[in-house]
Amino acid sequence: MPSDTGSSAPHHDLDPEPQSVEEQLASVTLSVSDGQPSTHQETNGVVLESVNQNTQLVMEEQLQHISVPAGEIDEVRESADRGVVWGRTASEVDMDGLSSPSSSGYAGERGSSSETSGSVIGDVVEQDEIEETRNDVIVDEVSESRTPWLPAKRHVDEDDASISWRKRKKHFFILSNSGKPIYSRYGDEHKLAGFSATLQAIISFVEDGGDCVKLLRAGKHQVVFLVKGPIYLVCISCTEEPYESLKGQLELIYDQMLVILTKSVNRCFEKNPKFDMTPLLGGTDVVFSSLIHSFSWNPATFLHAYTCLPLAYATRQAAGAILQDVADSGVLFAILMSRHKVVSLVGAQKASLHPDDMLLLANFVMSSESFRTSESFSPVCLPRYNPFAFLYAYIHYFDADTYLMLLTTNSDAFYHLKDCRIRIEAVLFKSNVLSEVQRSLIDGGMHIEDLLVDPLTRSESSSHLGQHKPPTESLERLKEPYLGVGGPAGLWHFIYRSIYLDQYVSSEFSSPINTPRQQKRLYRAYQKLFASMHDKGVGPHKTQFRRDENYVLLCWVTQDFELYAAFDPLADKASAIKACNRVCQWVKDVENEIFLLDFIAPSVSFRYTLQE
Amino acid sequence: MATIGHNNINAKLVLLGDMGAGKSSIVLRFVKGQFLEFQESTIGAAFFSQTLAVNDATVKFEIWDTAGQERYHSLAPMYYRGAAAAIIVYDITNEDSFARAKKWVLELQKQGNPNMVVALAGNKADLEDKRKVTAEEARAYAEENNLFFMETSAKTASNVNDMFCEIAKRLPRAQPAPNPAGMVLVDRPSEGSRAAASCCS
């Protein structure tokens, strides 16, 4: 076996990193499995974080004023070990003390749970702990354990008095600043009016103090708030995801709402503060539930990058050429996608599409069954392009997976876009793009099993994806000393994000990460890693090596790319580093097939080598 | 089948009505002969085309199945502008949807093409036991407003094709044009009576 430290490519001489990576790793290694900073050691108390620190005192007075017997609010950095306030605020806060709308019969609704008056959420936390360690699947993930996930509003019969509703691990709410419910992930919005008013009350009295509430912690639960003008978004979660991740998810939910309505919906609230927004969002539950579902399987939701369907360079070029042709005829954006992956994408002149807009647009189209029935013409807003205006989207599915989106500013352009589609379809058919797309969907892209141990062998074989390797190579791999179970050197999975291209590529899942639940757990681990690498208070980090009982995670950030890799927890650090270097070389080798390469943006960089 | 003097008519048709009234179901029944018990909400508007042969003409319907949600109401003119025909759909088990249908009628009377053929469809006629809007009430309203009225069921296919057929017959006939593609029908009131004479009901 080669004993060189991954210095297979000649470029390594150009390695710009002056400091040895070993030193870097040593300085940033985190051995804790739980990334929570130790300053948040409270077990049962509620901690509030807000923009200005002065709010804590205000909160404390207010809460005492509204007579919560056991409840107290603690300073963020104080270690708290007191009564559960959140349980109380959720169920028994006397709303009279607050300037908020009445809570529509809420007191009556909670009657059924009054036996648990001590700490309602606290009880749920304990139950959830058991569920999380033993059988995660029971409450939150039952629908995704085996059967394919179907986008549908779930559990409409529930409300905040239902035990099952309280046990859900991750709630999302949209409400108006007058406390009117707009969307709830679980349960019927209208039955949650009282709960909504409670959330509104928390936000509004922090606002009264000239501050803005960001986060409440109560035991294992985090309550994350996001204020967007007259719209409030709240996430209540006990999934241990970092605050920044949950906040990012709320931002996406808000932007998804803008895709449907634009920001001009704010004007409705200016005219009438009690405006009921739910009818405006009629029929879009699936769009939101599908987005929320994607938080646990689609890394684009936290990477802010899109991914391409792996295709031969010539195939993608053929698709790109006809899209460019169409874009030149007055189409703002022409996007060909298969499921959530981009086949090709063209923007007119200087118009560029933000990856988050692409994510939300694709989610909007894929979650709405109506687009599959026939060609459609629908107003859509791209919040990063212009949050106030509608564009018009012509949407057509070529087959069950592959769809074309043509975006224009002209509401009369349907017949023109229809003609464009007919031209595009003819070219795609003639150049076999659609069949290649189907083949790629089946074959997948980068399989870590194909990551060759010996780079010399690699250069002999074709560097194309999906090519079968001669048997000698697999024999060679068997000679690799035991360095962890799974792929080479115990590599289980990786994500490579190109910063210039706004694109990422992730390896196909394979053993042992082969159930949706394991995949979700890995994405959550990546997400945590991403958040810690981008934490402005601590970072920026260049590398991070983290070992816990589930994985070894290695993250490497350069100016050009970010690499996230997961290994067997027993994997050896030196081998892991070698494997990462090989992944980067591999990505470079196949960049033409896995990325949509722009004329201007530089191609995948390979000026870096991770060294021991 | 094309014969000399045969009329080839392209007609833009728009379906309007409250969400859940059954617009998409009617279109899918007419265009694809399908019915889904749980039809998903339409987003924006879906476009279909279907050709019908009536006694003296071949009518190619270009159908806009619009979304019934409130947020799309302001965009409706985009779809009904230039339409030769409209079907306003309500659900016979839902009075609100009938009220909403009346609003659509008003809007078309104000904004639409005055010669547009407008049909009022009381859908879900198979749900007789849940009926809230009587056929008499709707028929009287339709007569007052010069609409033609039918109760339909996309589920059982009752009256769906008949309604499109009737619209096709009522469409004013244009001169045979050598190049009819994309043509929007121009109305000729004088010919309207002839079309009406040939309809069966």
Side-chain angles (χ1 to χ4, degrees), chain A residues 150-153 257-262 264-265 267-268 275-287 290 361 363-381 390-397 405 407-408 410-419 421, chain B residues 10 12 14-15 17-50 60-83 96-97 100 154 181-184:
Chain A
L150 295 169
K153 177 78 175 184
M257 197 195 81
L258 296 185
V259 167
I260 299 163
L261 295 175
T262 77
S264 47
V265 75
R267 273 188 259 133
C268 300
F275 178 70
D276 180 8
M277 222 177 100
T278 42
L280 277 187
L281 286 172
T284 55
D285 272 342
V286 285
V287 178
S290 147
L361 185 62
N363 178 62
F364 178 67
V365 171
M366 278 193 292
S367 60
S368 311
E369 199 58 34
S370 103
F371 291 124
R372 294 169 190 271
T373 336
S374 88
E375 53 197 324
S376 300
F377 194 56
S378 173
V380 292
C381 165
F390 272 128
L391 297 172
Y392 299 89
Y394 172 90
I395 294 151
H396 179 81
Y397 270 85
M405 299 182 280
L407 273 68
T408 171
N410 179 1
S411 64
D412 290 326
F414 174 79
Y415 289 98
H416 172 62
L417 299 181
K418 184 178 164 71
D419 289 343
R421 185 267 299 171
Chain B
N10 274 24
K12 178 173 168 182
V14 61
L15 284 99
D18 206 1
M19 58 185 284
K23 298 177 292 303
S24 300
S25 295
I26 287 176
V27 176
L28 285 177
R29 171 60 75 188
F30 173 58
V31 175
K32 301 190 176 178
Q34 293 173 347
F35 177 78
L36 293 172
E37 196 66 50
F38 299 101
Q39 178 70 41
E40 296 272 348
S41 299
T42 304
I43 305 292
F47 180 85
F48 297 85
S49 61
Q50 175 75 309
K60 185 183 176 198
F61 280 118
E62 297 192 333
I63 301 167
W64 281 106
D65 171 25
T66 65
Q69 282 88 14
E70 193 181 316
R71 66 177 173 280
Y72 295 114
H73 286 180
S74 60
L75 298 156
M78 193 167 107
Y79 303 109
Y80 65 65
R81 199 186 306 132
D96 290 347
S97 77
R100 183 65 225 165
M183 181 187 73
V184 175

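Naming: A, B, ... by sequence-line order, numbering from 1 per chain.
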**Asked** Should the heavy atoms of other residues, nucleotides or ligands under 6.0 Å from NZ of Lys60(B) be counted, would the total exceed 12?
**Response**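 No.
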
**Request:** Give, for atom NZ of Lys12(B) and atom CZ of Phe47(B), the distance between the pair rounded to the nearest 0.5 Å.
**Result:**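 One gets 9.0 Å once the value is rounded to the nearest 0.5 Å.
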
**Asked** Just checking heavy atoms, which of residues 17-32 of chain B are less than 4.5 Å from chain A?
**Response**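 When heavy atoms of chain A are the reference, residues 17-32 of chain B contributes Met19(B), Leu28(B), Lys32(B) within the under-4.5 Å range.
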
**Request:** May I ask you to list the residues in residues 65-77 of chain B that approach chain A closer than 4.5 angstrom, counting heavy atoms only, ordered by number?
**Result:**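 The stretch touches chain A at Gln69(B), Glu70(B), Arg71(B), Tyr72(B), Leu75(B).
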
**Item:** Contact leader toward chain B among Ser368(A), Ala393(A), Ser378(A), Pro279(A), where contacts are heavy-atom pairs under 4.5 Å
**Value:**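 Answer, by heavy-atom pair count under 4.5 Å with chain B: Ser378(A).
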
**Item:** chain B interface, residue from Ser374(A), Ser411(A), Ser376(A) that has the most non-hydrogen pairs under 4.5 Å
**Value:**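 Heavy-atom pair counts peak at Ser374(A).
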
On a heavy-atom basis, which atom in [X] and which in [Y] lie closest, and how many Å separate them?
| X | Y | result |
| --- | --- | --- |
| Ser370(A) | Glu40(B) | N-CB, 4.4 Å |
| Phe390(A) | Val259(A) | CE2-O, 4.1 Å |
| Met366(A) | Arg372(A) | O-NH2, 3.6 Å |
| Glu375(A) | His396(A) | CB-ND1, 3.7 Å |
| Val365(A) | Phe371(A) | O-CD1, 3.5 Å |
| Thr408(A) | Asn410(A) | OG1-N, 3.0 Å |

Identify which part of [X] has an atom lying under 4.5 Å from any heavy atom of chain B, answering side chain, backbone, both or neither.
| X | answer |
| --- | --- |
| Leu261(A) | side chain |
| Tyr415(A) | side chain |
| Leu281(A) | backbone |

**Message:** So, using ring pair (Phe, Tyr, Trp, His ring centres under 6.0 Å) as the criterion, who are the partners of Tyr394(A) when residues are at least two apart?
**Reply:**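 Expected list: Phe414(A).
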
**Message:** Once side chain to side chain donor-acceptor pair (under 3.5 Å) is applied, do any residues pair with Asp96(B), and if so which ones, sequence neighbours excluded?
**Reply:**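 Scan of Asp96(B) (side chain to side chain donor-acceptor pair (under 3.5 Å), adjacent residues dropped) gives none.
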
